[in-house]
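Below: the structure, in structure tokens.
Note that this is a predicted model, so its numbers are computed, not measured. Below, all heavy atoms of this structure are taken into account, side chains as well, without hydrogens, waters or symmetry copies.
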Amino acid sequence: MGSLDRLWAGWRTAYVESAASDGGEPPGEGSIFTRILASGLPDEETHVVWRGERCFAILNAFPYTNGHVLVMPYREVATLAALTPGEAAELWAAVTDAVTAIEAAYRPDGVNLGANLGRSAGAGVPNHVHVHVLPRWNGDTNFMTAVAEARVMPETLSSSAARLRAAWPRPTPHP
């Protein structure tokens, strides 16, 4: 076996041990995002990268690639139509800021935006609408899992969060 035959993902042990000990999700009512917000844990621990008045951005715990951010309202709603005009406006502004931060932090060749509305559309958390924002590079073969259901992430979630916080164009008004 040569030196290129090994894949190292040092962060994976902490994730696996965490998931085995407490199910990987904070206790409480509501979506996983609502429970994370209600946990009282610091943003550095929950990987919240930005907080606005009505919306926030958090790293995806199961990213397609480093820098994979989820932007959503604090209020748990399942559809875009259920957003207030203020939530909708801030959500789109935050998505725009997420793209700006990702472009500054990762210098990708492109950016994917997406929302899965409803479980049949692929939503993993269908009761809390959120927009995925993630960097893409020409020839990035790691985006879709192709070998042994494994994806190699060269950066920890904490490192990704720190990079995006530093690159976010608007400061957090409500730390």
Side-chain angles (χ1 to χ4, degrees), residues 11-12 14-102 105 111-135 151 153 155-175:
W11 59 272
R12 187 85 179 146
Y15 166 72
V16 169
E17 290 174 354
S18 168
S21 64
D22 61 6
E25 296 185 3
E29 299 291 322
S31 75
I32 179 64
F33 306 123
T34 298
R35 287 179 277 147
I36 288 170
L37 291 171
S39 71
L41 294 170
D43 290 350
E44 288 73 21
E45 193 170 328
T46 60
H47 307 299
V48 171
V49 296
W50 176 83
R51 288 179 184 261
E53 184 177 329
R54 298 176 183 96
C55 297
F56 70 104
I58 186 170
L59 289 179
N60 188 336
F62 306 99
Y64 292 149
T65 187
N66 288 121
H68 184 170
V69 174
L70 306 173
V71 181
M72 67 194 81
Y74 291 114
R75 193 169 64 93
E76 191 174 318
V77 296
T79 66
L80 292 173
L83 294 171
T84 66
E87 288 170 331
E90 189 171 293
L91 179 68
W92 192 248
V95 167
T96 302
D97 286 349
V99 170
T100 299
I102 284 171
V111 175
N112 279 129
L113 300 178
N116 302 321
L117 303 176
R119 191 165 301 280
S120 62
V125 186
N127 56 336
H128 202 149
V129 67
H130 53 279
V131 178
H132 295 254
V133 185
L134 55 145
R151 204 172 275 145
M153 308 305 258
E155 181 176 81
T156 66
L157 289 175
S158 296
S159 297
S160 295
R163 267 174 101 153
L164 290 174
R165 282 188 199 107
W168 203 271
R170 291 185 299 153
T172 295
H174 303 283

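Residue pairs meeting the salt bridge (charged side-chain N to carboxylate O under 4.0 Å, His left out) criterion with at least one partner in residues 64-75, sequence neighbours excluded, are R75-E87.
Looking only at side-chain heavy atoms (C-beta outward), H132 and L70 come within less than 4.5 Å of each other. Using a 4.5 Å heavy-atom cutoff, the side chains of T65 and P135 are in contact. V69 places none of its side-chain heavy atoms less than 4.5 Å from the side chain of I58. In this structure, the side chains of I102 and L164 come closer than 4.5 Å at one or more pairs of heavy atoms. When side chains are defined from C-beta on, R51 counts as touching L37, because their heavy atoms get closer than 4.5 Å.
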Working note: F56 + M72, criterion side-chain contact (heavy atoms from CB on, under 4.5 Å); need CA distance, chi angles, decisive distance, verdict. CA-CA 6 Å; F56 70 104; M72 67 194 81; 3.4 Å; yes

Verify side-chain contact (heavy atoms from CB on, under 4.5 Å) between I36 and L41, making sure each step is shown before the conclusion. CA-CA 8 Å; I36 288 170; L41 294 170; over 6 Å; no

Does H47 form a side-chain contact (heavy atoms from CB on, under 4.5 Å) with S158? I'd like the steps, not just the answer. CA-CA 7 Å; H47 307 299; S158 296; 3.3 Å; yes

Working for side-chain contact (heavy atoms from CB on, under 4.5 Å), residues N112 and Y64: CA-CA 11 Å; N112 279 129; Y64 292 149; over 6 Å; no

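Legend: residues meeting side chain to side chain contact (heavy atoms under 4.5 Å, CB included) with P85, ordered by chain and number and at least two apart, are absent. Partners of N60 under the side-chain hydrogen bond (donor to acceptor under 3.5 Å, both in side chains) rule, at least two apart in sequence or in another chain, are H68. When the salt bridge (charged side-chain N to carboxylate O under 4.0 Å, His left out) test is applied to R163, the partners found at least two apart in sequence or on another chain are E155. Qualifying side-chain hydrogen bond (donor to acceptor under 3.5 Å, both in side chains) partners for T100, counting only residues two or more places apart in sequence or in other chains: none.
The two residues A82 and V77 make their nearest non-hydrogen contact at CB-CB, 3.8 Å. Nearest heavy atoms, A57 versus W168: CB-CH2, 3.6 Å. Listed here is the closest heavy atom pair of A94 and V71: CB-CG1, 3.5 Å.
Rounded to the nearest 0.5 Å, atoms CG (D97) and SG (C55) are 11.0 Å apart.
Checking side-chain atoms of Y74 against main-chain N and O of G52 turns up a donor-acceptor pair under 3.5 Å.
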Per-pair distances, 0.1 Å, donor-acceptor, side chain in residues 120-130, under 3.5 Å, sequence neighbours excluded:
residue : atom : partner : partner atom : Å
N127    : ND2  : E76     : OE2          : 2.8
H128    : ND1  : S31     : OG           : 2.8
H128    : NE2  : P73     : O            : 2.8
H130    : ND1  : H128    : O            : 2.7

